[in-house]
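Structure first, then comments.
Each chain gets a letter, A, B and so on, in the order the sequences are listed, and its residues count up from 1.
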Protein chains: 2
Amino acid sequence: MEPKETKNRILDAAEHLFAEKGYHGTSLRMITTEATVNLAAVNYHFGSKESLIEAVIERRLLPLNQLRTKQLKAVRDEARRNDRAPDVRQTLAAFIEPTLSFRNSGPGAQDFIALVARALADPNDTARSVFINRIKPVLDLLHQCLAEALPQIDPQTIFWRLHFMIGSLTHIMHNLDKLPIPTEMMPTDNSFQEITEMLLTFITTGMEAPQ
Amino acid sequence: MEPKETKNRILDAAEHLFAEKGYHGTSLRMITTEATVNLAAVNYHFGSKESLIEAVIERRLLPLNQLRTKQLKAVRDEARRNDRAPDVRQTLAAFIEPTLSFRNSGPGAQDFIALVARALADPNDTARSVFINRIKPVLDLLHQCLAEALPQIDPQTIFWRLHFMIGSLTHIMHNLDKLPIPTEMMPTDNSFQEITEMLLTFITTGMEAPQ
DNA sequence: GTCTATACGATGATAGAC
DNA sequence: GTCTATCATCGTATAGAC
C-alpha cells in the first residue's frame, strides 16, 4: 500500500469517529479498524493520538483559511481602489461563504465541522487551541475589514459582535441537520442557500446596529 | 451523613468533571473520589452513569426554564393587557437575562454551562437530547411571543433567527472567560453587564431586520 | 435505607518480539 | 509495519455492615 494512502485512510477514519464519538470516546482500535490498517500504524505515522487529531484539523483548516483570507483581501482591496469603505454584507460573506461551500463539499467536511464544534466546547482539548491559533489571523483580518467598513462603530463593539456572529455561524453549521425542525419551518427547496441568506441578513443587520 | 448531602456531593462533582473532561473522559471513580463518597454510591442513588448526567442537567435546567417561562409570560401578558405587541428587546431579555444571572450565581453554574455547550456539540450524547427536550417548550413560547411582536416577519424567518440568537448566546456564555481577548477589547469595568447589553442590541436588531 | 468493600467481565493502551 | 501478551482501568453488580 502506498504510504500516503495509509495516512489518508487513518485521517478519514479519525475525522469521522472523532466527530461522532469525541476524542475520548474514540479508541485507536476503532480508527484502525475503520481504516483497515494495523493498530500500531497510527503511532508509526503520527506519533500519538493527540498528534493525530492535530493533523486531522490542519488538513482541512489550512486551505479553508487560505480561501477566506484571499476573499477578504479581495473585498478590502477592491474597496480601497475605489476609495470607499468595504460593504459590510460583502465582507461578512467573504468570511462565511467559504465555510458554507466547504460544508457542502462532502461528508468528510461535515464531520470536520462537527469535530470543530466539539473542540470549541472542550475547555482542555488540544484540538481547541490548534483551531483557535490557526483561525486567529483570519479573524484579525476580518476585524480590520469591518473596522474600515464601520468607522462610526467602536472597534471594541465590533470585536464582540464578531464573536456573536461566530456563535451563530458555528451553531447553525453544526446543527442544521440535527435540529428537530417542524416541517412548516423548513424552507421549500434549496434550504441551505436560503438559510445562508437569512444568516447573512441577521448578522449584517446586527453588525451595523447603532451603538 | 444526611442522605441529601451525599446525592448533592455526587451531583456537584459530576457537574464539575463532566464539564471539564466530558462524559467519556470522566470515570465514576474520578467522581466518587472528588465527592469523597464510595464508588457504589453512584449506582445506588442514580442507577447508572447515564442517569447521573441526566440528573445533573435536570437539577439546573428545571428552575432555570421555570424562570424564563415566567418572565416571558409576564412580558406577553403585560403587552396583551395594554392591547399592543410585545417589545422585541424586552422579549429577548426575558429569555436571556435568566441565563446570564444564572451564570453568575456560582462556579457550579459555569460548569453547568460548559456541560451544556459540550452536550450541544455531541451528536450522540444523551445529555443533548435531555437538554433539547427540556428547553423546547420554552423556545416554543419565545417563538410565539416574537411572532406577536413582529407580525410583519414570516414565522419561519423568526424561527431561524431564533436559532442564530441561541448560537450567539451559548457561544458567548461558554467562551467569555476562555477567549484570548486583547486588553484593549475588554470593557473597562463590570464587563459582563456591558457585553450582555451588546449582545441584546445585536440580536434585537438582527431579529427586527427587514426580510 | 444508606453506605462500603470487593469482584467481574469487557475493553483500551502499550511495549517488545518478529 | 505487524502481531501478541500484558496490564490498567472502565462501568456495573453484589454481599453484607451499620
Between [X] and [N], does any side-chain N or O lie under 4.0 Å from OP1 or OP2?
| X | N | answer |
| --- | --- | --- |
| B:H45 | C:dC3 | yes |
| A:Y44 | D:dG1 | yes |
| B:T6 | C:dC3 | yes |

Give me the one residue out of A:L141, A:I135, A:L139 that meets side chain to side chain contact (heavy atoms under 4.5 Å, CB included) with A:N65.
A:I135
B:Y23 OH - D:dC10 C1' separation (whole Å)
12 Å
What is the distance, rounded to the nearest whole Å, between atom NZ of B:K7 and atom C1' of C:dC3?
15 Å
With sequence neighbours left out, write down each residue that passes side chain to side chain contact (heavy atoms under 4.5 Å, CB included) with A:P123, or none if nothing qualifies.
B:R118, B:K178
Main-chain N/O of A:E50 paired with A:Y23 side-chain donor or acceptor, under 3.5 Å:
yes
Is the closest basic N to carboxylate O distance between B:R76 and B:E148 below 4.0 Å?
no
Can a salt bridge be assigned to the pair A:E54 and A:K49 using a cut-off of 4.0 Å between side-chain N and carboxylate O?
no
Reading nucleotides 11-18 of chain C from 5' to 3' and marking B where a protein heavy atom lies under 4.0 Å of the base, S where only the sugar-phosphate is that close, and - otherwise, the string is -SBB----
What ring-ring contact (aromatic ring centres under 6.0 Å, His included) pairs are there with at least one residue in residues 88-143 of chain B, not counting sequence neighbours?
B:F102-B:F112
